[in-house]
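Have a look at the structure below, then the notes.
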Amino acid sequence: MKKRKFYGIFAILLVFGVYGYEYYINEQDLAENVQEGARVKSEGRIFYLPTSTTGQVIHHNGYSLSYSEPHEQAEWVAYELKKSHLSRSTFERPYFEVDQAVKTGAASWRNYKNSGYDRGHLCPAGDKNYSKEAHDETFLTSNITPQNHDFNSGIWNTLEQKTRSWARKYDGVFVVTGGVLKGNMKTIGNERVAVPNQFYKVIYDAKHEKMIGFLMPHKNSNAPLANFVVPIDAIEVLTGIDFFPELEDALEDRLEASNSPTGWHF
DNA sequence: CTGGTGGGC
DNA sequence: GCCCACCAG
């Protein structure tokens, strides 16, 4: 066997070996994620979900959500983004499916057809590329909200990518995200899916005990992400949701209202 | 990465 | 309903 050929085969085996190991590790992670009531037990840590203003909390394998029937979308979606979830591989986009776990009936994807709005993921598919099952689960309509394409593919996408980079840098983060379902909103489709005027994202770094919140108008912007940082409390007042109830008091004081919270590297 | 449309069977 | 090609920020 020639040396070049040997190294070629060796490289291929190495690549498959690494991906195989990551797949094995991720499957173990999924099995360890026990969900009970309003709590998610993850790696020995009890993670309290946000409060629900709608009374309809649903747990999927990769994320939980609180569904607002009047707005035909989730008021929040919450999940842990582990460092081990980050993956270079990707999966083919499946078709959107109505979430059968929503007892009041989740919105149909047809509301979005020719609406001029994207079917915008709340929990991004890009955060779930560690397995096809987890990836496809993000294509339930309960995880979707109407978004301007420029916003979705613009600054919102930038924030989602920054979140992934923080998960890599800080060894995982917890994420809660959604549209602000308040005030006068446009609707789309027969089921009148509300188009939020603002979107928020709350990110919690459990390892370093720090938290950051973003509030963005529903329009694209070229401004730096740091310009959209707000105190978590401001998002709570706006939405009526309590994020991370058991941690909030201790961390809230530490989070300054400034545009560059300590510890978060932009 | 984030998404869309149109055509064929 | 599903799959494919092709498109844009």
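Naming: A, B, ... by sequence-line order, numbering from 1 per chain.
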Problem - Between B/dC1 (C1') and A/F139 (CZ): distance, integer Å - result: 12 Å

Completion exercise
Ranking A/F91 and A/Y117 by the position along DNA chain B of their nearest nucleotide, the one closer to 5' is A/F91

Handout entry: Nucleotide of B/dG3, B/dG4, B/dT5 approaching A/N152 most closely (side-chain heavy atoms)
Key = B/dG3

Problem - Flag, side chain of A/T145 to backbone of A/V195, donor-acceptor distance under 3.5 Å - result: no

Problem - Nearest-Å distance for atom pair CZ/P, residues A/F199 and B/dT2 - result: 15 Å

Handout entry: Most 5' of A/N129 and A/K113 on DNA chain B, judged by nearest nucleotide
Key = A/N129

Exercise for the section: Check every strand shown and say whether A/E160 touches a base, only sugar-phosphate, or nothing at a heavy-atom separation below 4.0 Å. Expected result: sugar-phosphate

Exercise for the section: To the nearest Å, give me how far apart CD1 (A/I155) and C1' (B/dT2) are. Expected result: 14 Å

Exercise for the section: Round to a whole Å and report the spacing from CD of A/E97 to P of C/dC2. Expected result: 8 Å

Practice task
Would you mind building the protein contact string for nucleotides 4-9 of chain C? One character per nucleotide, 5' to 3', B for base within reach (heavy atoms under 4.0 Å), S for sugar-phosphate only, - for untouched.
Solution key: ----BB

Handout entry: Partner of A/F243 by ring-ring contact (aromatic ring centres under 6.0 Å, His included), out of A/F174, A/Y204, A/W76, A/Y200
Key = A/Y200

Handout entry: Below 4.0 Å: OP1/OP2 of B/dG4 and any side-chain N or O of A/R119
Key = yes

Problem - Pair A/Y130 + A/H135: ring centers closer than 6.0 Å - result: no

Practice task
Say whether A/L181 and A/L215 are linked into one hydrophobic cluster, either directly or through other cluster members, by side-chain heavy-atom distances under 4.5 angstrom.
Solution key: no

Handout entry: A/T53 versus A/E75, side-chain donor and acceptor atoms under 3.5 Å
Key = yes

Practice task
Give the rounded distance in Å between these two atoms: CG of A/N143 and P of B/dT2.
Solution key: 11 Å

Handout entry: Gap between atoms CZ and C1', on A/F151 and B/dC1 respectively (whole Å)
Key = 15 Å

Practice task
Evaluate whether atom CD of A/E97 has more than 12 neighbouring non-hydrogen atoms of other residues, nucleotides or ligands under 6.0 angstrom away.
Solution key: no

Handout entry: Interatomic distance where CZ belongs to A/R168 and P belongs to B/dC1 [whole Å]
Key = 13 Å

Handout entry: Check ion pair A/D205-A/K210 (N to O, under 4.0 angstrom)
Key = yes

Problem - Proximity to the side chain of A/H121 - top-ranked nucleotide from C/dG1, B/dG3, B/dT5 - result: B/dG3

Problem - Between C/dC3 (C1') and A/R93 (CZ): distance, integer Å - result: 15 Å

